[in-house]
Amino acid sequence: MAALGVGAQAIPDLTANHRSQDMPLTMNREVFITAAITGSGGTQDKSPHVPRSPQQIADSAIDAAKAGAAVVHCHVRDPETGAPSRRLDLYREVTDRIRAAEVDVVLNLTAGMGGDIVFGSTEAPFPVNAAATDMIGASERMAHIAECLPEICTLDCGTMNFAEADYVMTNTPGMLRAMGQMMTDLGVKPEIEAFDTGHLWFATQLVKEGILTSPALVQLCMGVPWGAPNDLNTFMAMVNNIPADWNWSAFSLGRDQMPYAAAAVLAGGNVRVGLEDNLFLEKGVLATNAQLVEKAVGVIEGMGAKIIGPEAVREKLGLTKRAPVAK
């Protein structure tokens, strides 16, 4: 059956070059761990282990690397309040401290900040809530990436209603095309953060257009309200929509973090853990990033898989470690 036309475009064949939905699971035997050190959520006052200052973030990342993380994914926060920040100087200090450490690790910086809209009331959505809205242009969202030159940065590949407040995480097709092209031109590998199947659909379009290169890298973000729920049927639907030659990881939140470490490995992927997604080592016991990585190592090795380090990850993903731009 031919694809149906929608205006001037055709609906693509989503099954082409993707994993068959009835394909048996193929466990990943060589797994890398990403430690998500500190996110942009309101966790700064919920645990003393959530790092705030650049030194705390870098030290926590280094400890996670020593525990077995090959990749560290970093946001920055205001050192005094713990509120999420976009300050370039904070990203630069985190980068310099991690690059100066004796332990090697792949650096992954967020590029997700600066895309938040908080509307007015339901009866008067405009003007937007200016104090809570943080919307900036593509170049400004990428400024810290252009200076710090991490191996990886994130590309939140879609728009969605988001969990913690009545706001919209806004990433339009035009914004994603612009930011994706900047990442490619900088030689920084985009980590496509997919919060639902449509985000994967658009990611394949970016590769088709030549904006992103193949094989791409995907992070499946499960259980984030109001994206893809973290039941296994939805998870496997996400997995089955990743092109077969791409690399991917997955995570879920809170008490589901470690079960999803096992699920990701079993389904052929890699693992993300860390305080961005979960604060607890077990019920009632607050964790550090290093402890979460150590626990994930135990889960993965207990399944018979091997943990690979940063050099193997660079070779696998085609990454180049570089120094930041000279000041």
Side-chain angles (χ1 to χ4, degrees), residues 34-65 71-101 105-118 128-156 162-165 167-171 175-176 178-180 182-183 185-186 188-191 193 274-277 289 322-327:
T34 296
I37 303 301
T38 185
S40 59
T43 58
Q44 64 269 28
D45 297 320
K46 297 178 180 178
S47 169
H49 303 305
V50 175
R52 298 185 178 203
S53 71
Q55 181 173 351
Q56 290 171 342
I57 293 167
D59 287 348
S60 190
I62 292 162
D63 288 344
V71 183
V72 289
H73 170 58
C74 299
H75 293 241
V76 295
R77 294 177 178 269
D78 182 286
E80 299 300 323
T81 67
S85 176
R86 293 189 284 101
R87 281 173 46 189
L88 181 56
D89 62 312
L90 300 179
Y91 278 109
R92 181 58 186 257
E93 185 177 346
V94 167
T95 298
D96 287 342
R97 288 180 178 276
I98 290 173
R99 291 301 195 209
V105 71
V106 173
L107 181 60
N108 174 342
L109 296 181
T110 184
M113 304 295 290
D116 299 341
I117 296 179
V118 180
V128 299
N129 183 329
T133 294
D134 182 28
M135 283 293 294
I136 56 175
S139 295
E140 190 174 354
R141 288 180 73 171
M142 287 291 295
H144 64 295
I145 305 300
E147 178 170 322
C148 296
L149 296 176
E151 289 100 326
I152 301 171
C153 69
T154 57
L155 186 65
D156 297 338
F162 214 77
E164 289 193 342
Y167 84 92
V168 179
M169 179 181 77
T170 308
N171 297 288
M175 180 68 77
L176 292 171
M179 292 178 65
M182 291 176 191
M183 294 172 190
D185 292 346
L186 287 168
V188 176
K189 183 81 170 179
E191 181 187 63
E193 290 205 331
L275 294 178
E276 178 172 352
D277 310 318
N289 279 304
R322 293 177 289 173
V325 173
K327 293 182 179 178

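Basis for what follows: all heavy atoms, side chains included, without hydrogens, waters or symmetry-related copies. Predicted, not measured: the structure shown is a model, and the values here were computed from it.
In this structure L90 satisfies the side chain to side chain contact (heavy atoms under 4.5 Å, CB included) test together with P54, V76, P79, S85, R87, sequence neighbours excluded. Remark: V105 engages A65, V72, I98 in a side chain to side chain contact (heavy atoms under 4.5 Å, CB included) (not counting sequence neighbours). Every side chain to side chain contact (heavy atoms under 4.5 Å, CB included) that S60 has, sequence neighbours left out, goes to I37, P51, N289. Under the side chain to side chain contact (heavy atoms under 4.5 Å, CB included) criterion, T81 pairs with D78, A83, sequence neighbours left out. With sequence neighbours left out, the side chain to side chain donor-acceptor pair (under 3.5 Å) criterion links R92 to D96, E147. Judged as a salt bridge (charged side-chain N to carboxylate O under 4.0 Å, His left out), and not counting sequence neighbours, the contacts of R99 are E151.
Taking CE of M175 as the start and CG of D156 as the end, the distance is 12.0 Å to the nearest 0.5 Å. With rounding to the nearest 0.5 angstrom, the CD atom of E191 is 6.0 Å from the CD1 atom of I152. Between the CD1 atom in I117 and the OG1 atom in T170 there is a gap of 3.5 Å [rounded to 0.5 Å]. For the atom pair CD1 of I62 and CZ of R97, the computed distance is 8.5 Å after rounding to the nearest 0.5 Å. The CG atom of D116 lies 9.0 Å from the CG atom of N171; values are rounded to the nearest 0.5 Å. A distance of 10.5 Å separates CD1 in I57 from OG1 in T95, rounded to the nearest 0.5 Å.
Counting heavy atoms from C-beta on, the side chains of R322 and L107 never come closer than 4.5 Å. A heavy-atom distance below 4.5 Å is not found between the side chains of H75 and P84. Put simply, the side chain of L109 reaches to within 4.5 Å of the side chain of P150, judged on heavy atoms. Annotation: side chain of Y167 is not in contact with side chain of V128 (no heavy-atom distance under 4.5 Å). Put simply, the side chain of K189 does not reach to within 4.5 Å of the side chain of M183, judged on heavy atoms.
The minimum heavy-atom distance between V325 and A146, with the atom names listed, is CG2-O, 3.4 Å. The shortest heavy-atom contact between A111 and T154 is N-OG1, 3.1 Å. Across L155 and P190, no two heavy atoms sit closer than the pair CB-CB, 4.4 Å. Heavy-atom minimum distance, V118 versus T133: N-OG1, 3.0 Å. The minimum heavy-atom distance between M182 and A138, with the atom names listed, is CE-CB, 3.8 Å.
Side-chain N or O atoms of T43 include none that pairs as donor or acceptor with a backbone N or O of K46 at under 3.5 Å. Of the possible polar contacts, one joining the R52 side chain to the E80 backbone as a donor-acceptor pair under 3.5 Å is found.
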Practice task
Go through the steps to decide whether E193 and H73 satisfy the test side-chain contact (heavy atoms from CB on, under 4.5 Å), and finish with yes or no.
Solution key: CA-CA 12 Å; E193 290 205 331; H73 170 58; 4.2 Å; yes

Handout entry: side-chain contact (heavy atoms from CB on, under 4.5 Å) between R141 and M113, intermediate numbers included
Key = CA-CA 7 Å; R141 288 180 73 171; M113 304 295 290; over 6 Å; no

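Taking 4.0 Å as the cut-off between side-chain N and carboxylate O, D134 and R86 count as a salt-bridged pair.
Between T38 and the options E276, Q44, R77, a side-chain hydrogen bond (donor to acceptor under 3.5 Å, both in side chains) holds for only R77.
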